[in-house]
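Model, not experiment: these values are computed from the prediction.
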Amino acid sequence: MRFQSFKDLTGYFAEMTPDAPALIFEEGGEALPLSFSALKEKISRRAAELSEMSGGGIHCAGILCDGSLSCVIDIFAAAEAGFQLVMLDAAASEGILKEQIALSDADLLLGGGRCETLPKREGARPELKAGRVLFFTSGTTRSARAVALSEASLCCSAWNGGSLLPLYPWDRLLLMLPLSHVFGFVCGLLWPLSCGASAALGRGPVHYKDDMAFFKPTAVSLVPLLLGYLLKNGLVNDELKLMLVGAGDCPAPVLKAARAKWI
């Protein structure tokens, strides 16, 4: 179904399939599940903490997107608390992060073990809206610019994708792409959750060689370069049955190798 917000999405499955796994994450060398009901509880508790901490004076939260369980919870909780979100690349340089935080006028910085209020900029502030999510994209210029999308539009994109490529409750999609990019956020996180499937939270580039064997996904979203790397090094697990490749043209040799693998 179409959801209008992240809260609608997670709340729906917390009610309909409370015990089904929503997220799979690594802890102590094991792949552990977090059910939809447990996810909703963690989000609600964190949202209450953020609201209490802000005291009504915080309106925009910058999220350092490292793909961890705490990061995902902070994203959904900040949205539930009514903050505008700014999706920041946790791997970006300090200079780039400072520039993007200033441009978005974020009041709060979350993620990477951080939860700190930020100094307010003097002068007129940009319009801040709850339910709005900002992603930075280079576009046709050298400097990244913020693109504002709504929770509703992001959920709709995930729904559209699920209509064409449905996932099922028994599916597990491995998140290998950064959540600070729209493709990674929608097709790596919202897509499986909107289908009632689970999202396995990949452990970043350092684990590209072993995450597929560790999480055993049935689906994955990739960019062409990453697909080529996985195929070249024989890193695709036997359980995988669906790959979504996007965010760029896929070279013919990579497509040929993918067809040879599954056809």
Side-chain angles (χ1 to χ4, degrees), residues 1-16 22-23 36 39-40 43 47 50 58-65 67 71-89 100-101 103-108 110-111 125-141 144-167 173 175-199 201 219-223 244-248:
M1 63 179 292
R2 293 177 186 264
F3 300 102
Q4 295 301 309
S5 69
F6 304 153
K7 183 177 181 179
D8 287 346
L9 189 162
T10 55
Y12 174 82
F13 288 105
E15 181 177 347
M16 298 300 295
L23 302 175
F36 276 101
L39 175 61
K40 182 180 183 297
I43 292 170
L50 294 176
I58 292 176
H59 304 283
C60 184
I63 312 289
L64 292 168
C65 297
C71 166
V72 172
I73 290 171
D74 274 345
I75 290 170
F76 291 148
E80 187 170 315
F83 300 159
Q84 177 175 281
L85 305 184
V86 185
M87 310 297 274
L88 302 169
D89 183 357
Q100 293 182 353
I101 289 170
L103 287 171
S104 59
D105 210 24
D107 309 291
L108 181 70
L110 301 172
R125 303 187 67 187
E127 184 182 12
L128 303 177
K129 289 185 178 180
R132 189 161 68 174
V133 185
L134 273 60
F135 294 85
F136 278 90
T137 178
S138 58
T140 58
T141 66
R145 296 183 178 182
V147 175
L149 300 173
S150 68
E151 289 183 47
S153 67
L154 292 165
C155 288
C156 185
S157 293
W159 183 87
N160 288 337
S163 298
L164 295 173
L165 290 174
L167 296 173
L173 187 142
L175 171 60
M176 301 186 77
L177 303 175
L179 293 174
S180 55
H181 293 179
V182 176
F183 182 56
F185 186 71
V186 171
C187 297
L189 181 63
L190 294 186
W191 175 30
L193 294 183
S194 67
C195 295
S198 58
L201 305 180
V220 67
S221 298
L222 302 167
V223 294
L244 175 64
V245 185

Seminar exercise, completed: Separation between NE2 (His181) and CE (Met87), nearest 0.5 Å, reads 10.5 Å
Problem set entry | Contacts of Phe6 that satisfy ring pair (Phe, Tyr, Trp, His ring centres under 6.0 Å) - sequence neighbours left out | Phe76, Phe185
For this session: Applying side-chain contact (heavy atoms from CB on, under 4.5 Å), name anything that partners Val245, two or more places apart in sequence or on another chain.
Result: Pro224, Leu227, Cys250
Exercise. How would you list, by chain and number, every residue that makes a side-chain contact (heavy atoms from CB on, under 4.5 Å) with Cys71, sequence neighbours excluded?
Worked result: Ile63, Cys65, Asp66, Ser68, Ile75, Leu179
For this session: Begin with the C-alpha distance, continue with both residues' side-chain angles, and end with the deciding distance and a verdict on side-chain contact (heavy atoms from CB on, under 4.5 Å) for Leu177 and Ser221.
Result: CA-CA 7 Å; Leu177 303 175; Ser221 298; 4.2 Å; yes
Exercise. Do you know the tightest heavy-atom contact between Leu167 and Ala219?
Worked result: CD2-CB, 3.9 Å
Problem set entry | Minimum-distance pair of heavy atoms, taken over all atoms of Gly188 and Ala199 | O-CB, 4.0 Å
Seminar exercise, completed: Heavy-atom closest pair (Leu39 atom, Ala22 atom, distance to 0.1 Å) is CD2-CB, 3.9 Å
Problem set entry | Spacing of CD belonging to Glu151 relative to CD belonging to Glu80, to within rounding of 0.5 Å | 9.5 Å
Exercise. If you round to the nearest 0.5 Å, how far is CG of Leu64 from CG of Asp74?
Worked result: 9.5 Å
Exercise. Between CD of Gln84 and OG of Ser150, what distance do you get to the nearest 0.5 Å?
Worked result: 11.5 Å
Exercise. When rounded to the nearest 0.5 angstrom, what distance separates CG in Leu9 from CG in Leu193?
Worked result: 6.0 Å
For this session: Write down the atom of Ala78, the atom of Leu110, and the distance for their closest heavy-atom approach.
Result: CB-CD1, 4.3 Å
Exercise. How close do Arg2 and Cys156 get, heavy atom to heavy atom, and via which atoms?
Worked result: NH1-SG, 3.0 Å
Problem set entry | side-chain contact (heavy atoms from CB on, under 4.5 Å) assessment of Phe3 paired with Leu190 | CA-CA 11 Å; Phe3 300 102; Leu190 294 186; over 6 Å; no
Exercise. If every non-hydrogen atom of Pro192 is compared with every non-hydrogen atom of Cys187, which pair is closest and at what distance?
Worked result: CD-O, 4.3 Å
